[in-house]
Structure formats: structure tokens, C-alpha cells
Amino acid sequence: MLRFGRGDAAAFELLYRRHEGKVFRYLERSVRNEALANDLMQEVWFAIARNAATYQVSAKFTTWLFTIAHNRVVDAVRTSRPMDSIEAGDDSRPDGATIADRLVADLAKEPSNALESQSEVAVVMRAVAQLPSEQRSAFLLQAEGDLSVEEIATTTGASFETVKSRLRYARTKLRQLLWEYA
């Protein structure tokens with residue numbers, strides 16, 4: 001990021017390639033709307049570009065990046081843009097695929113993150129979608145952003161203990177939901 005701030009355009013391309021997948025998955029799973037996630041993705045990277053010259057290292061780059069992404073999600077929710085359910089069909093797609101179907105397809109492209117079957121992924125994504133928004137956000141920041149509890153606290157503006165509680169409640173709820181699905 002410091003190299004990009006000094007005018008090295010190739011450094012931006014490297015940052016983007018390195019983080020685009022995680023950021024996009026976080027955005028899409030947070031807002032559950034691909035089009036909105038694409039818009040937010042652009043806003044996040046425009047913010048990165050706008051602030052490159054003044055960027056100062058105070059935490060890991062990913063913490064700063066996911067703070068920007070999280071703030072864009074919060075702004076989008078506040079403006080109450082319509083959001084698709086994870087189970088809603090997409091009328092613009094000829095196959096009527098749901099967001100859950102697309103998430104399954106996206107995960108299948110990354111074998112290291114894929115579960116054994118598409119149906120298992122769909123079940124997990126339905127369970128994640130049922131979490132309260134603050135728990136879902138903390139869970140996705142940890143799962144998709146690889147952020148620590150401390151970094152999630154910084155990103156969301158919540159206390160360390162609050163984030164720990166949200167993650168604990170999210171995991172408990174996910175275990176319960178997944179047990180029910182099993």
C-alpha cells in the first residue's frame with residue numbers, strides 16, 4: 001500500500017488481486033445481493049485509491065481494508081436498499097439460480113475452501129444467513145477476512161469482549177442450525 005501511495009500502479013494491481021476474492025465474498029455474504037456487492041466493491045477500492053497518498057500504517061492492511069468494506073456494508077444497510085434473500089431466485093439469470101447456488105459455485109472454484117458437496121455449502125450459507133447481522137458480520141470478517149478478534153473490534157468499532165461474544169454466539173447458533181439440518 002505504501003508503494004501504491006508513492007505512485008506505483010503495479011502495487012495497486014497486486015493488492016487488488018491479493019484481496020479481491022475475500023473482500024467480495026465478505027460484501028456479498030453480508031448484503032446478500034450480488035449487484036449491491038459489486039457496487040460496494042467498487043466503492044471500497046475507490047476509497048483505497050483516494051486515500052493511498054495519506055495511508056499510514058497503524059494496523060495490518062487487511063484490517064484497514066475490511067474496515068472500509070464493513071463501513072460500506074453498514075452504509076448500504078442504513079440506506080435500506082432492497083436486499084435479496086440468499087434463497088431468492090435471480091430473475092435476470094436464465095437458470096433462475098439463487099444466491100446460495102452462486103455461492104456454492106464460487107466456493108467450488110476454490111478447492112481449499114470448498115466443503116465436500118454443494119448441498120453442504122448451501123446448508124452452511126443458509127445457516128450463516130440466519131445469524132443476526134452483527135454476529136454474521138463478525139463471523140464473516142473472521143472467516144472471509146482472516147481478521148483476528150482484535151482486528152474485528154477495530155473494524156466494527158465494538159469492544160474486544162463484544163466481538164468475542166458475537167463470535168461465540170454465532171458459532172453456537174451455527175452449530176445448532178447445522179445440527180438441525182443434519
Side-chain angles (χ1 to χ4, degrees), residues 1-86 88 90 92 99-100 102-103 105-107 109-110 112-113 125 128-129 131-164 166-167 170:
M1 185 61 193
L2 294 173
R3 284 184 18 225
F4 175 59
R6 290 189 299 269
D8 183 353
F12 179 81
E13 290 178 33
L14 179 64
L15 284 172
Y16 185 81
R17 278 196 318 268
R18 184 177 294 160
H19 300 288
E20 71 177 312
K22 288 180 180 186
V23 172
F24 184 76
R25 282 189 306 272
Y26 168 73
L27 293 169
E28 185 176 35
R29 292 173 183 173
S30 293
V31 299
R32 298 181 306 239
N33 178 308
E34 186 176 3
L36 179 55
N38 280 318
D39 290 344
L40 296 175
M41 182 77 160
Q42 284 186 345
E43 290 178 26
V44 166
W45 289 99
F46 283 142
I48 299 294
R50 272 193 310 274
N51 294 304
T54 59
Y55 174 76
Q56 299 207 358
V57 179
S58 60
K60 287 179 17 183
F61 172 75
T62 54
T63 303
W64 184 63
L65 173 63
F66 278 94
T67 299
I68 293 170
H70 174 74
N71 289 338
R72 294 307 184 272
V73 168
V74 169
D75 291 346
V77 170
R78 281 188 187 141
T79 60
S80 300
R81 287 182 169 167
M83 293 185 222
D84 291 337
S85 163
I86 196 164
D90 185 346
S92 67
I99 292 172
R102 291 194 307 267
L103 290 172
D106 289 347
L107 284 173
K109 294 177 189 172
E110 296 183 36
S112 65
N113 293 335
M125 293 316 304
V128 169
L131 293 173
S133 64
E134 291 174 333
Q135 290 176 20
R136 183 176 56 246
S137 180
F139 178 80
L140 290 173
L141 284 168
Q142 189 173 58
E144 295 295 348
D146 294 325
L147 299 183
S148 69
V149 174
E150 186 174 300
E151 292 166 332
I152 295 168
T154 301
T155 298
T156 61
S159 74
F160 182 85
E161 291 301 320
T162 298
V163 171
K164 278 179 40 178
R166 287 176 183 166
L167 288 169

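Owing to the predicted nature of the structure, the values given are computational and were not obtained by experimental measurement.
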So CG of Leu147 and CG of Leu140: to nearest 0.5 Å the spacing works out to 11.0 Å
dist Arg136:CZ -> Glu134:CD (nearest 0.5 Å) comes out at 10.5 Å
Look at the rings of Phe12 and Phe4 and say which category their plane angle falls in: under 30° parallel, 30 to 60° tilted, over 60° perpendicular.
tilted
Which heavy atom in Ile48 sits nearest to a heavy atom in Met1, and how many Å separate them?
O-CE, 3.6 Å
Tell me whether the rings of Tyr26 and His70 are parallel (<30°), tilted (30 to 60°) or perpendicular (>60°).
tilted
Separation between CZ of Phe61 and CG of Leu15, rounded to the nearest 0.5 Å:
4.5 Å
Out of curiosity, Leu40 CG to Asn71 CG, how far, rounded to the nearest 0.5 Å?
11.5 Å
Below 4.5 Å, heavy atoms only, C-beta onward: do Thr156 and Thr162 meet side chain to side chain?
no
Under 6.0 Å from the CD atom of Glu20, do we count more than 12 heavy atoms belonging to anything else shown?
yes
State, with a plain yes or no, whether a side-chain heavy atom of Val23 is found less than 4.5 Å away from one of Leu65.
yes
Angle between ring planes, Tyr55 versus Trp64, binned at 30° and 60°: parallel, tilted or perpendicular?
tilted
Please determine whether the number of non-hydrogen atoms from other residues, nucleotides or ligands lying under 6.0 Å from atom CZ of Phe160 exceeds 12.
yes
Among Arg29, Glu34, Glu144, side-chain contact (heavy atoms from CB on, under 4.5 Å) partner for Phe24
Glu34
Show the nearest heavy-atom pair for residues Ala138 and Arg166, with the distance to one decimal.
CB-CB, 4.2 Å
Separation between OG1 (Thr154) and CZ (Phe66), nearest 0.5 Å, reads 14.5 Å
For Thr155 and Glu151, indicate whether the former's side chain and the latter's backbone hold a donor-acceptor pair under 3.5 Å.
yes
What are the two closest non-hydrogen atoms of Ala47 and Asn51, and how far apart are they?
O-ND2, 2.8 Å
So, taking the atom named CG in Leu36 and the one named OG1 in Thr79, what distance separates them when rounded to the nearest 0.5 Å?
7.5 Å
Heavy-atom pair of closest approach, residues Ala69 and Val44
CA-CG2, 3.6 Å
